[in-house]
Amino acid sequence: MSEGEKAGGELVPGRGRWFWPSIAATVGGAVTAGFSAAVVSGVPTSFGQPLATIIGGTGVLAAGTLAYLTGQRSREQAEAHHKIDSRHERESALRDRYTSIATQIANESAAIRQAGVYALTALADDWHAFGEDDERQVCINLLQWYLRVPFPESDDPEKPDLAEREIRQTIVRILSERRLRPRADPKSWISTSISLHSVSLPDCNLDNLALTDVALDGANLNGATLSGADLNGAELNGAQLNGADLNNANLNGTKLNGATLNNANLNGTELNGAELNGANLNGATLNNTDLSGAELNFAKLNDAYLFGAKLADANLTGARLNGTKLNGAELNGANLNGAKLNGAQLNNASMNDAKLNNAELNDATLNDAELNDATLNSAKLNGAQLNNASMTNANLTGANLYNAELNGASMTNAHLYNAQLNNASMANANLTGANLNGAELNGADLNGTKLNGAELNGANLNGADLSDADLNGADLNGAKLNNTNLDNANLTDVSMNNAEYDQNTRWPAGFPPPKASAPSR
């Protein structure tokens with residue numbers, strides 16, 4: 001070795017490969033020189049002999065030391081080579097195992113494939129113990145790849161491949177369980193990359209699994225059972241969950257944009273703040289589901305069941321909820337602008353401060369619903385039932401309520417400017433202080449209605465029934481009252497300047513008709 005190397009393989013400054021032989025030669029020379037010097041100087045030979053013996057012994061010791069160090073060095077080098085060779089052998093063995101297991105995974109026998117799954121899991125752990133986490137990830141990737149292979153179709157739909165289903169369930173449960181282990185656990189996969197996008201798991205049982213923040217975009221989970229599963233923050237954009245069971249699952253903050261969940265069971269599921277924009281949930285059951293603050297823009301929920309669902313502050317702009325059951329649902333502050341709720345059931349629903357501008361609620365039932373301070377500008381409520389509904393301060397400017405039922409409704413200070421209420425039933429409703437200027441109430445039933453201080457400037461009340469109505473202090477200037485029935489109505493302090501009426505108009509007994517304007521033709 002060159003100068004500066006250590007004895008036994010370590011560097012020692014200033015000592016070359018001839019260091020130890022030179023020491024031996026120097027010691028040997030000293031023996032001869034010492035003995036000769038003793039003879040020449042007249043030293044007795046009896047003294048020189050022990051001296052030679054001592055110096056000779058020193059030479060033997062030096063030679064022995066040289067031999068030991070040389071041997072030690074050889075042993076250390078051999079040990080180092082052994083360690084290198086041993087690591088290479090272990091690495092080679094691990095790679096051979098991977099090749100063998102990959103063959104198992106592709107075997108036709110379900111039992112062998114299942115064994116391959118467990119073997120691959122063990123191999124991943126062994127690679128981690130070997131210090132090669134990249135190779136561990138390769139093993140995990142193979143497990144994930146297996147799940148992406150389309151689930152084999154059975155010739156007989158009544159006899160699905162149960163063994164293959166069990167294999168896939170096993171893989172998902174392994175991935176889920178290993179992600180939950182603490183980082184210090186040698187079998188923890190918390191630091192690995194786990195993605196289940198595009199996996200094929202139809203009809204699989206994944207109950208109570210923890211898959212938080214996992215990517216499941218485009219996954220096939222049709223008919224899968226995910227009851228009680230924790231999918232908080234997971235990504236399921238474009239996933240297929242038709243007929244899936246997500247009963248009581250945690251989907252808070254989950255992204256399901258464009259996902260299909262037709263006829264899925266989401267009863268009691270938590271979807272607080274979830275994203276379901278453009279999702280398809282036709283026929284799905286979401287009874288008592290929490291969708292507070294969820295994003296459901298243009299989602300399809302036709303004929304879905306949302307009894308008692310929580311949709312406070314949810315965004316349902318342009319959503320389709322035709323025929324949907326929302327009885328008792330909470331929609332306070334929800335945005336339903338442009339939504340279609342034709343034929344929907346919203347009895348006893350709470351929709352205070354909700355936005356329903358340009359929404360369609362034709363033939364919807366909203367009996368006993370709360371719509372206080374809601375905005376329904378230009379909304380379509382033709383034939384809708386709003387009996388006993390509470391609509392205080394609601395804004396229905398330009399809304400269409402042809403043939404709607406508002407009997408007993410509370411609409412104090414409601415805005416119905418230019419609203420279409422022809423043939424609407426509003427008997428015993430409370431419209432105190434309401435703005436009905438320019439409203440169309442032709443043929444409407446307002447029997448017993450409270451219109452104290454209401455504004456009906458230019459309103460069309462032709463053929464309307466206002467018998468027993470309370471119009472104390474109301475403004476009917478320019479109103480049309482042709483063929484209107486005002487029997488027993490309270491017209492105290494009513495302003496009727498330029499009101500229009502004809503001979504068929506019926507006035508309260510003893511009430512002097514105002515100066516009439518010419519009837520319109």
Side-chain angles (χ1 to χ4, degrees), residues 255-259 271-282 284 286 289-304 306 309-347 349-366 369-386 389-402 404 406 409 411 413-421 435 439:
K255 295 180 180 178
L256 287 147
N257 299 311
L271 283 152
N272 203 311
E275 294 182 16
L276 292 125
N277 297 312
N280 195 332
L281 293 118
N282 292 327
L286 296 108
T289 296
D290 189 351
L291 284 148
S292 302
E295 294 288 331
L296 290 139
N297 295 304
F298 300 99
K300 295 178 181 178
L301 291 137
N302 298 312
D303 299 309
L306 288 114
K310 297 178 181 178
L311 289 145
D313 300 312
N315 193 342
L316 290 135
T317 301
R320 303 292 184 265
L321 295 121
N322 298 313
T324 301
K325 283 74 176 174
L326 286 147
N327 297 322
E330 294 180 19
L331 288 142
N332 297 320
N335 187 345
L336 288 145
N337 290 332
K340 296 185 185 298
L341 294 117
N342 299 311
Q345 296 180 17
L346 289 144
N347 299 315
S350 182
M351 304 173 75
N352 299 316
D353 296 303
K355 298 177 179 65
L356 291 137
N357 300 311
N358 297 302
E360 292 184 15
L361 292 119
N362 299 315
D363 298 313
T365 56
L366 296 109
E370 293 184 7
L371 287 144
N372 300 311
D373 298 301
T375 57
L376 296 103
N377 295 320
S378 301
K380 295 179 180 178
L381 292 135
N382 300 316
Q385 295 181 30
L386 291 137
S390 180
M391 304 174 75
T392 300
N393 294 317
N395 194 337
L396 290 123
T397 300
N400 292 324
L401 290 125
Y402 290 107
L406 292 139
M411 303 178 77
N413 297 318
H415 299 274
L416 289 147
Y417 177 77
N418 284 338
Q420 306 294 313
L421 289 147
N435 184 346

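Residues Leu341 and Leu346 approach most closely at CD2-CD1, 4.1 Å, considering heavy atoms. For Lys355 against Thr375, the heavy-atom pair with the smallest separation is CA-OG1, 3.5 Å. Closest approach of Ala304 to Leu286, counting heavy atoms only: CB-CD1, 4.5 Å. Closest of all the heavy-atom pairs between Ala374 and Met351 is CB-O, 3.8 Å.
For the atom pair CG (Leu361) and CG (Asn322), the distance works out to 9.5 Å, reported to the nearest 0.5 Å. Atoms CG and OG, on Leu371 and Ser390 in that order, are 8.0 Å from each other to the nearest 0.5 Å. Distance check, rounded to the nearest 0.5 Å: CG of Asn315 to CG of Leu291 gives 12.5 Å. Separation of atoms CZ (Arg320) and CG (Asn342) is listed at 9.5 Å; rounding is to 0.5 Å. Leu331 contributes atom CG, which lies 10.5 Å from atom CG of Asp313 (distance to the nearest 0.5 angstrom). Interatomic distance, Leu296 CG to Asn257 CG, rounded to the nearest 0.5 Å: 9.5 Å.
In summary, of the residues considered (Leu366, Leu406, Asn362), a side-chain contact (heavy atoms from CB on, under 4.5 Å) with Leu381 occurs for Leu366 alone.
The 12-atom threshold is not exceeded at NZ of Lys380, counting heavy atoms of other residues, nucleotides or ligands nearer than 6.0 Å.
No side-chain donor-acceptor contact under 3.5 Å links Asn272 to the backbone of Asp290. Remark: the backbone N or O of Tyr402 is not paired with any side-chain donor or acceptor of Asn400 at under 3.5 angstrom. Although no hydrogens or angles enter the test, the distance criterion places no donor-acceptor pair under 3.5 Å between the side chain of Asn297 and the main chain of Asn277.
By the 4.5 Å heavy-atom criterion applied to side chains, Asn352 and Asp373 are not counted as neighbours.
Using a 4.0 Å cut-off between charged nitrogen and carboxylate oxygen, Glu330 and Lys310 do not count as a salt-bridge pair.
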